[in-house]
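As the structure is a computational prediction, the values presented were derived from the model and not from experiment.
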Amino acid sequence: MAKRNHIFRSQKLWCGIGGWTASFLMFFPILWMLMAAFKTEIDAVATPPKLFFTPTLENFVDVNARADYLQYALNSIIESLGSTALCLVIGIPAAYAAAFFPGKRTKDLLMWMLSTKMLPAVGVLVPIYLLFRDTGLLDTRSGMVIVFTLSNMPIVVWMLYSFFKDVPHEILEASRMDGASTLEQIWYLLLPLTLPGIASTALLSTILCWNEAFWSLNLTASKAGRLTTFIASFSSPEGLFWAKLSAASTLAITPILVFGWMTQRQLVRGLTFGAVK
């Protein structure tokens with residue numbers, strides 16, 4: 001018994017060491033960026049890297065003087081939340097129909113939706129750019145909301161579908177027999193029962209929209225530019241200014257890092273929703 005406990009403690013110790021090591025390796029690039037953001041340009045490119053330096057806020061002052069950070073941040077917030085809300089408005093009825101009223105081609109349709117995520121975005125850039133140009137959606141918030149909605153819809157529908165499948169059909173059938181309409185079934189039964197899953201889906205969609213860069217760089221400029229565009233603006237023909245680029249990146253990721261930290265419990269709870277019955 002004592003030997004078994006010793007083996008268990010040893011395994012627990014090594015698992016802990018492995019977990020902390022993996023966590024540090026994943027966090028190291030962010031730590032390096034944070035350090036570079038408070039260095040001078042000379043210290044940021046010094047070889048070997050300087051671990052001890054005098055912190056400065058000069059980079060953040062220069063970044064805010066060069067570009068309107070708040071405007072870019074506001075665009076990111078509006079476009080990310082707007083596309084997430086639209087994804088849920090469309091995705092919840094679609095997932096409801098697929099989960100509770102499947103047809104012969106439902107599985108094929110879901111697989112087709114998921115397969116669209118395998119298509120490189122650059123493959124449809126030209127037609128989307130031309131459509132946006134002709135409809136006046138270039139460099140507009142509404143245009144970016146549409147693009148992000150189309151991009152994230154397959155993931156949203158698939159996640160909601162998996163959560164809805166775990167709800168017993170008998171509950172909705174009983175409400176249907178009591179005279180509840182489809183909208184009432186969704187609003188009063190399905191949404192409360194799957195709220196953790198819906199919340200995690202919304203959080204993941206928001207994070208994906210926030211971090212998206214390809215469409216932002218190709219379809220926006222100054223009016224609807226997001227924080228990814230804000231970061232890219234610090235790559236100039238004169239070269240990369242690592243300290244200022246790190247400061248801009250720090251300002252861009254801080255809101256979503258804080259948001260993710262505050263909602264991590266809800267996100268994990270939603271992603272594991274229905275895993276254990």
Transitively linked via ILVMFWY side-chain contacts under 4.5 Å: [X] with [Y]?
X	Y	answer
Y161	L204	no
W215	L86	no
I155	M113	no
V156	I90	no
I17	M26	no

Nearest 0.5 Å, please: how far is [atom2] in [Y] from [atom1] in [X]?
X	Y	atom1	atom2	answer
E170	S175	CD	OG	11.5 Å
M153	L88	CE	CG	8.5 Å
N59	E41	CG	CD	6.0 Å
M144	N75	CE	CG	10.0 Å
E58	K244	CD	NZ	6.0 Å
L34	S249	CG	OG	10.0 Å

Heavy atoms only: give me the nearest [X]-[Y] pair and the separation to one decimal.
X	Y	result
T229	A221	CG2-O, 4.2 Å
T149	V145	OG1-O, 2.6 Å
A248	I231	O-CG1, 4.1 Å
A95	L160	CB-CB, 3.6 Å
V157	G91	CG2-CA, 4.0 Å
D108	K104	OD2-O, 4.4 Å

With a 3.5 Å distance limit and no angle check, can you tell me whether [X] reaches the backbone of [Y] through a side-chain donor-acceptor pair?
X	Y	result
T194	F164	no
D139	L219	no
E79	S76	no
T228	E212	yes
S80	I77	no
T206	A202	yes
T140	L137	yes
W210	A252	yes
R176	T182	no
Y69	L251	yes

Verify the ring-centre separation between W20 and F24: is it less than 6.0 angstrom? no

For residues F38 and F60, establish whether the separation of their ring centroids is below 6.0 Å. yes

Are [X] and [Y] packed together at the side-chain level, in the sense that at least one heavy-atom pair is separated by less than 4.5 angstrom?
X	Y	answer
T56	K39	no
F100	E173	no
P192	W187	no
Y72	R226	no

Row check, W112 ring normal vs K117 NZ/CZ: under 6.0 Å, within 45°: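 No, a cation-pi geometry is absent between K117 and W112.
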
Are F230 and V63 close enough, and set up right, to give a side chain to side chain contact (heavy atoms under 4.5 Å, CB included), and what steps lead you there? CA-CA 9 Å; F230 172 73; V63 164; 3.1 Å; yes

I'd like to know whether Q185 forms a side chain to side chain contact (heavy atoms under 4.5 Å, CB included) with Y96, so could you lay out the CA-CA distance, the side-chain angles of the two residues, the decisive distance to 0.1 Å, and finally the verdict. CA-CA 10 Å; Q185 293 173 41; Y96 167 80; 3.1 Å; yes

Give a yes or no on this: more than 12 heavy atoms of other residues, nucleotides or ligands lie within 6.0 Å of atom CZ of F214.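 Yes - once you tally the heavy atoms of other residues, nucleotides and ligands closer than 6.0 Å, there are more than 12.
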
Is there a donor in the side chain of T40 and an acceptor in the side chain of D43, or the other way round, less than 3.5 Å apart? yes

Under the side chain to side chain contact (heavy atoms under 4.5 Å, CB included) criterion, do F148 and C87 qualify, and how do the steps go? CA-CA 9 Å; F148 294 151; C87 277; over 6 Å; no

Trace of the side chain to side chain contact (heavy atoms under 4.5 Å, CB included) decision for L245 with W242: CA-CA 5 Å; L245 187 61; W242 292 110; 4.1 Å; yes

